[in-house]
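First comes the structure, then the notes that go with it.
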Amino acid sequence: MTSVTFDASVKRDQLVTLRKMVALSIPINIVLGLCALVVATYYGNGREGAIWFVLSTVANAARLVACKFPLPTMPSGGSAGDLEASYKTTQNYLRLHIVLALASGLVWAWVPVLCDWYTSPQTLFYALIVCGLTAGAVTYGYSFANVPTAFITPPLVTSAYWLEQSGGLDKLLISITVGLYLFALIRGARVNERLFCNDSRKRNEAIALSGQLEKTTNQALMLARNASELMGIDKLTGLLNRHGFSDRAEPIFALQADNVMFMLDLDGFKSINDAFGHQAGDRVLMEAAKRIEEVIGQHGFAARLGGDEFAIVFTQPCADSSFRFLAKTLISAVSRPYLGIEPLTLGVSIGVYHGSGAALDDALMCSDIALYAAKKDGRNQFRIFDADLRDEIERRRDIEIGLIEALAQQNLEVWYQPIVRSDTQQIESLEALLRWHHPRLGWISPPKIVSAASSIGRSGELLKYIFKDVATTLSALGESDIMIAINISPRELARNDVEALITECFSADGIALSRIELEITEDATIDQENVKLRLNSLSEKNVRLAIDDFGTGYSSLATLQQLQITRLKIDKSFVTGTRAGSTNSSLIEAMVKFSDALGFEVVAEGVETKEDLHMVKSLGCAFAQGYYFSKAIPRREVLAMIEQRNQSGSKISGN
């Protein structure tokens with residue numbers, strides 16, 4: 001496309017959007033006109049009001065008719081003459097809308113007649129109607145500034161003039177204010193038009209570039225995708241990508257006093273990918289993006305930040321009730337059934353930021369925290385960032401700042417909890433568990449430590465810290481056959497070269513990698529090819545792999561086999577307090593049976609009492625872990641426990 005073609009496309013986009021918004025604004029214009037007629041009639045100006053309303057209705061009707069004219073077609077591959085003709089037709093239509101807007105504005109300029117030239121007691125009513133109508137005109141006419149400018153100038157100029165003529169200091173000041181108001185509205189309309197034209201040009205350039213490159217080789221197609229991404233467009237959904245989102249959202253958060261951001265995450269998307277494949281998942285993402293755009297309409301813009309995560313920024317101030325309604329509407333729209341993935345269903349969780357003065361990055365963090373809180377409330381929920389969540393941010397920042405110092409000064413600790421054979425209660429392995437006592441906040445949970453390390457870019461350093469402590473413990477155990485299990489999250493696996501870290505921390509000390517076991521959460525086995533490749537590479541080096549908290553996520557047996565898993569750890573929610581004949585006991589028995597069939601070892605977590613131990617033994621769990629045997633304890637204590645066992649040959653005593 002040439003520059004002239006892009007100019008024509010932008011003008012056509014301006015016309016299309018203008019017609020839609022004019023068609024929406026005319027009913028409001030008519031309603032306000034009726035209100036003015038009623039007040040005029042009530043206070044004795046019925047004849048003037050009727051004439052004025054008829055003229056206003058004629059102008060509105062003409063504007064609606066103009067919105068129905070056939071749109072000029074954009075010639076595809078036609079001559080320069082065809083393109084120029086289409087461009088001129090579009091320009092003429094836009095000029096027509098300017099003239100009709102001016103005509104309507106001139107009618108509204110005669111409102112002072114209905115209130116005795118702004119001297120009657122009804123002056124305030126008419127002034128408010130004129131100000132509200134003109135502000136709305138600028139809002140609806142954001143694509144083409146000349147139309148709202150033509151409409152608002154006559155009524156506001158005449159209002160300012162007659163207010164000044166009516167006498168009095170207050171009226172003079174109001175007249176000056178109306179003039180400033182007119183200047184601000186015109187300036188806002190110009191800014192809105194520039195933003196619209198810039199967005200339209202980018203979109204048309206992206207469409208044109210994509211259409212041209214589809215006809216070339218695969219290499220050219222790759223170049224098109226790269227160009228699309230550089231232009232800020234997500235190639236799958238057509239929404240903005242993370243880069244494009246930042247470019248467009250940052251000026252809004254810098255200039256707009258009141259901002260609203262939604263962060264959305266699809267509930268159940270990983271299950272769809274695993275059950276129906278990535279192509280089905282891509283179709284669902286495209287359909288979800290389409291539904292999101294349909295709901296937000298002209299209120300704002302959406303972006304796909306990555307995976308199944310989306311963000312929405314509203315381009316105009318939004319009342320609390322409005323964005324609550326939009327959040328509910330989004331949940332309803334996105335969670336409607338999707339063709340081809342029955343019987344699975346999809347939902348959406350939404351985190352909402354609403355406030356002023358925050359930079360874009362801060363708003364993203366706030367909405368992300370609200371999203372996490374919404375997910376904890378269950379599927380299809382939204383949560384607004386509030387004072388409680390703000391306290392959570394402050395706590396998170398304190399943790400992040402403190403973690404930097406704790407890593408530097410080696411104030412973190414790794415404690416160890418035994419895993420025993422359920423029949424002999426002899427220690428078979430240890431689980432390494434991170435511990436940190438913050439000087440002000442007290443004990444910090446391991447997931448929060450890991451999350452903080454990821455946020456400040458120290459996850460690799462934290463992993464290395466844990467690995468080195470485990471290496472020291474394994475060296476202290478000498479020739480013992482006891483293994484040590486280390487918890488690791490999918491995010492850590494994806495972002496860090498875990499294989500290199502393990503080689504650096506263990507091989508140098510001559511520790512056999514078969515004495516190391518990585519415990520990963522069950523959702524790490526879903527829709528993460530990079531994670532699968534890394535885990536399989538580690539398995540080939542004899543690093544053992546275990547699935548932690550099994551039964552709380554969603555994994556196919558085929559995936560478990562592909563990952564060369566050696567051990568499943570049944571989540572404590574199934575184990576603690578389970579009685580014979582209960583649903584949980586049946587589930588444990590089923591897990592043990594298919595694990596035996598696939599060659600997996602089974603560890604029952606959460607063994608708290610002698611009754612729990614007897615239950616898991618009777619159900620066939622070969623290994624057990626829980627407070628009945630020991631809590632997590634520091635290295636020196638666990639080494640002393642093992643030494644005492646070696647000397648006496650005794651089993652661990654229950655609590």
Side-chain angles (χ1 to χ4, degrees), residues 18-19 21-68 96-141 145-186 188-189:
L18 177 69
R19 286 165 50 139
M21 302 315 292
V22 167
L24 288 173
S25 67
I26 293 302
I28 298 174
N29 190 310
I30 293 172
V31 170
L32 292 177
L34 279 171
C35 292
L37 173 61
V38 170
V39 171
T41 303
Y42 183 81
Y43 287 102
N45 291 321
R47 180 174 173 274
E48 294 85 349
I51 295 172
W52 175 87
F53 182 72
V54 168
L55 293 174
S56 176
T57 302
V58 170
N60 285 330
R63 297 183 73 185
L64 284 175
V65 170
C67 291
K68 301 298 182 181
L96 175 61
H97 281 284
I98 295 172
V99 171
L100 294 177
L102 179 62
S104 182
L106 288 171
V107 174
W108 279 92
W110 284 95
V111 163
V113 174
L114 307 181
C115 55
D116 299 329
W117 313 105
Y118 283 139
T119 60
S120 74
Q122 296 83 50
T123 293
L124 179 60
F125 167 78
Y126 289 109
L128 286 174
I129 280 187
V130 169
C131 287
L133 186 72
T134 53
V138 171
T139 300
Y140 281 104
N146 287 340
V147 166
T149 299
F151 175 78
I152 68 175
T153 300
L156 289 180
V157 168
T158 56
S159 295
Y161 174 78
W162 288 111
L163 283 167
E164 188 274 332
Q165 289 294 310
S166 62
L169 178 61
D170 57 335
K171 297 292 181 64
L172 175 62
L173 292 176
I174 293 174
S175 173
I176 295 171
T177 301
V178 171
L180 293 174
Y181 179 60
L182 172 61
F183 172 77
L185 287 178
I186 293 175

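- Ser104 contributes no side-chain N or O that, together with a main-chain N or O of Ala101, makes up a donor-acceptor pair within less than 3.5 Å.
- Atom OG1 of Thr177 and atom CG of Leu172 lie 9.0 Å apart (nearest 0.5 Å).
- Rounding to the nearest 0.5 angstrom, the gap separating the CD1 atom in Ile51 from the CG atom in Asn45 is 11.0 Å.
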Acceptor/donor pairs from residues 52-68 side chains to any protein atom, 3.5 angstrom cut, sequence neighbours excluded:
{"unit_1": "Trp52", "atom_1": "NE1", "unit_2": "Val107", "atom_2": "O", "d": "2.8"}
{"unit_1": "Thr57", "atom_1": "OG1", "unit_2": "Phe53", "atom_2": "O", "d": "2.8"}
{"unit_1": "Asn60", "atom_1": "ND2", "unit_2": "Asn29", "atom_2": "OD1", "d": "3.2"}
{"unit_1": "Asn60", "atom_1": "ND2", "unit_2": "Ser56", "atom_2": "O", "d": "3.2"}

Result block: side-chain N/O donor-acceptor pairs under 3.5 angstrom for residues 31-43, not counting sequence neighbours:
{"unit_1": "Thr41", "atom_1": "OG1", "unit_2": "Leu37", "atom_2": "O", "d": "2.8"}

Show every donor-acceptor pair shorter than 3.5 Å between a side-chain atom in residues 147-161 and any protein atom, with sequence neighbours excluded, or say none if there are none.
{"unit_1": "Thr149", "atom_1": "OG1", "unit_2": "Ala145", "atom_2": "O", "d": "2.7"}
{"unit_1": "Thr153", "atom_1": "OG1", "unit_2": "Thr149", "atom_2": "O", "d": "2.6"}
{"unit_1": "Thr158", "atom_1": "OG1", "unit_2": "Ala109", "atom_2": "O", "d": "3.2"}
{"unit_1": "Thr158", "atom_1": "OG1", "unit_2": "Pro154", "atom_2": "O", "d": "2.9"}
{"unit_1": "Thr158", "atom_1": "OG1", "unit_2": "Pro155", "atom_2": "O", "d": "3.0"}
{"unit_1": "Ser159", "atom_1": "OG", "unit_2": "Tyr118", "atom_2": "OH", "d": "2.9"}
{"unit_1": "Ser159", "atom_1": "OG", "unit_2": "Pro155", "atom_2": "O", "d": "2.7"}

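- Take Trp117 and apply the ring-ring contact (aromatic ring centres under 6.0 Å, His included) test, not counting sequence neighbours, and it matches Trp162.
- Here the CG atom belonging to Leu133 is positioned 8.5 Å from the CD1 atom belonging to Ile129, to the nearest 0.5 angstrom.
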